[in-house]
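Before any comments, here is the structure.
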Amino acid sequence: MRPVHPEFVPDASLSRAEMERLQRDIAEVAVFEDRFDFDPEAVSAGAGDAEQTQLGGTVSGDDPPVVAGVDQAFAADGEQAVSAIVATRGGEVIERVHAVEPTEIPYVPGLLSFREGGAILSAFEKLAVEPDLAVLDGSGRIHFRQAGIATHVGVTLDVPAIGVAKNLLCGRPRESLDGHLPEGARVAIESDDGVTAPPGTVIGYAYQSRQYDDPETRHVNPLYVSPGHRVSAETTTDLVARLCDGYKLPEPTRLADSYADEVKADIGE
DNA sequence: GCGACAG
DNA sequence: ATCTTGTCGC
């Protein structure tokens with residue numbers, strides 16, 4: 001698929017001020033509400049039993065939604081960015097594509113999409129299937145200007161997108177995240193000064209996708225999920241919950257992660 | 001000046 | 001993100 005908004009394609013040669021201006025423009029176009037066609041409850045990680053046939057026909061009317069996991073890896077001392085996309089439907093891989101692009105700028109908190117966005121969009125151009133949802137590694141609305149990489153990519157392609165991060169970029173948890181949150185726990189992340197949203201706006205959630213039983217032994221950190229485009233913060237969390245099949249990270253993300261590493265290994269030869 | 005910062 | 005072996009625990 002190709003950009004629906006060419007004017008939003010990340011340009012690494014822009015000045016920092018221009019990048020921030022573009023992010024504000026993107027945030028204005030972004031939709032942080034549910035505006036998609038598929039059934040959220042039809043999204044799943046492992047291949048479920050929705051494939052059963054009856055007299056040659058499928059029991060369920062239509063196919064499960066197509067979810068595209070996106071992740072990056074870097075090679076050649078960080079000079080090459082590998083973007084990998086793995087598309088799944090009902091937990092089954094239906095397509096894998098990747099793109100390798102030179103990295104033009106270093107990582108700067110808040111400007112991640114200008115470093116990795118180019119490779120990601122190149123990979124999406126090779127993707128034949130039209131995903132119902134894109135799952136990006138990083139934040140969406142949990143961003144200073146409400147335009148993290150999930151929002152940037154989602155708006156540019158105008159595809160429903162969500163962001164899944166392992167660390168919190170900004171915002172403030174409504175409750176302390178210290179201690180061990182039980183599996184399935186959700187804590188709202190609100191905007192504070194430093195985020196271009198009315199103070200107190202729920203810009204995402206800390207979601208405990210996985211946890212050990214005994215708090216004394218080991219603990220897992222929560223994920224920080226947020227809307228990218230066309231998905232609300234609540235639904236974003238619901239979707240991530242459905243995609244994390246007993247693991248900390250969503251299945252599509254894990255698949256894209258390993259595929260990116262696979263490609264990186266093939267490059268170093 | 002201090003603090004804070006996805007991948 | 002990346003450089004990296006073993007090791008603890010379910």
Side-chain angles (χ1 to χ4, degrees), chain A residues 10 12 16 19-20 23 26-27 69-85 98 100-121 123 134-154 161-173 177 180 183 189-196 203-207 210-228 233 236 240 246-250 253-254 256-265 267-268:
Chain A
R16 176 161 187 150
M19 291 179 176
E20 296 184 350
Q23 293 182 322
I26 289 170
V70 187
D71 191 37
Q72 286 66 243
F74 297 84
D77 288 307
E79 294 186 355
Q80 298 275 195
V82 177
S83 181
I85 300 177
H98 69 85
V100 180
E101 298 282 343
T103 53
E104 305 172 67
I105 58 176
Y107 163 69
V108 176
L111 300 178
L112 181 66
S113 60
F114 288 90
R115 171 176 166 77
E116 310 184 349
I120 293 174
L121 292 179
V135 180
L136 283 289
D137 60 311
S139 296
R141 196 182 188 184
I142 294 182
H143 179 275
F144 311 121
R145 292 164 293 282
Q146 304 182 79
I149 196 162
T151 302
H152 200 145
V153 172
I162 61 177
V164 177
K166 302 180 199 66
N167 292 287
L168 188 59
L169 174 62
C170 61
R172 180 172 170 290
L177 297 180
H180 310 180
E183 193 163 303
I189 301 299
E190 307 180 323
S191 58
D192 54 11
D193 22 272
V195 177
T196 62
I203 55 178
Y205 281 89
Y207 175 64
R210 188 188 168 173
Q211 189 54 284
Y212 289 103
D213 300 315
D214 182 13
E216 305 303 312
T217 314
R218 285 185 176 187
H219 70 85
V220 177
N221 292 137
L223 291 178
Y224 298 94
V225 307
S226 58
T236 290
V240 171
Y247 294 88
K248 173 174 180 175
L249 296 173
T253 299
R254 301 206 325 276
D257 182 79
S258 59
Y259 179 44
D261 283 340
E262 198 178 301
V263 172
K264 184 176 75 170
I267 283 180

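What you see is a predicted model, and the numbers here were worked out from it, not measured in a lab. Just so it is clear: chains get the letters A, B, ... in the order the sequence lines come, proteins before strands, and each one is counted from 1.
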Figure out the CZ/P separation between A:Phe114 and B:dC5, and round it to whole Å.
22 Å

Quick one: does NZ or CZ of A:Arg210 land under 6.0 Å from the six-membered ring centre of A:Tyr247, within 45 degrees of the ring axis?
no

Within this structure, what is the CG-to-C1' distance between A:Leu112 and C:dT2, rounded to whole angstrom?
15 Å

Are A:Tyr107 and the base of C:dA1 stacked, counting only ring centres nearer than 5.5 Å and planes tilted under 30°?
no

Tell me whether the count of non-hydrogen atoms from other residues, nucleotides or ligands lying under 6.0 Å of CG in A:Asp213 goes above 12.
no

May I have the distance from A:Arg145 (atom CZ) to B:dC5 (atom C1'), rounded to whole angstrom?
11 Å

A side-chain contact here means heavy atoms from C-beta on lying under 4.5 Å apart; do A:Val225 and A:Ile189 qualify?
no

Return the value, rounded to whole Å, for the distance between atom NZ of A:Lys248 and atom P of C:dC10.
19 Å

Hey, would you say the A:Tyr212 and A:His180 ring centroids sit under 6.0 Å apart?
no

Need one value for A:Leu111: base, sugar-phosphate or nothing, where a base atom within 4.0 Å counts as base even if backbone is also close, heavy atoms only.
base

A:Phe74 CZ - B:dA6 P separation (whole Å)
14 Å

What is the separation between atom CG on A:Asp193 and atom C1' on B:dC5, rounded to the nearest whole Å?
15 Å

Given C:dC3, B:dA6, B:dG7, identify the nucleotide with an atom nearest to the side chain of A:Lys166.
B:dG7

I'd like to know if the side chain of A:Ser226 and the backbone of A:Gly140 have a donor-acceptor N/O pair within less than 3.5 Å.
yes

Please give, in whole Å, the distance from B:dG7 C1' to A:His143 NE2?
12 Å

For A:Ile142, answer base if it contacts any base atom (sugar-phosphate contacts may also be present), sugar-phosphate if it contacts only those atoms, and nothing otherwise; contact means non-hydrogen atoms under 4.0 Å.
nothing

Separation of atom OH in A:Tyr207 from atom C1' in B:dA6, rounded to whole Å:
20 Å

Which listed nucleotide (B:dC5, B:dG7, C:dA1) is nearest to the side chain of A:Leu169?
B:dC5

For A:Phe144, which contact category applies under a 4.0 Å heavy-atom criterion: base, sugar-phosphate, or nothing?
base

I want to check one thing: is the phosphate of B:dG7, taken as OP1 and OP2, less than 4.0 Å away from some side-chain N or O of A:Asn167?
yes

What does A:Ala73 touch in the nucleic acid at a heavy-atom separation under 4.0 angstrom: a base, only the sugar-phosphate, or nothing?
sugar-phosphate

For C:dT2, take OP1 and OP2 only and decide whether either is under 4.0 Å from a side-chain N or O of A:Lys264.
yes

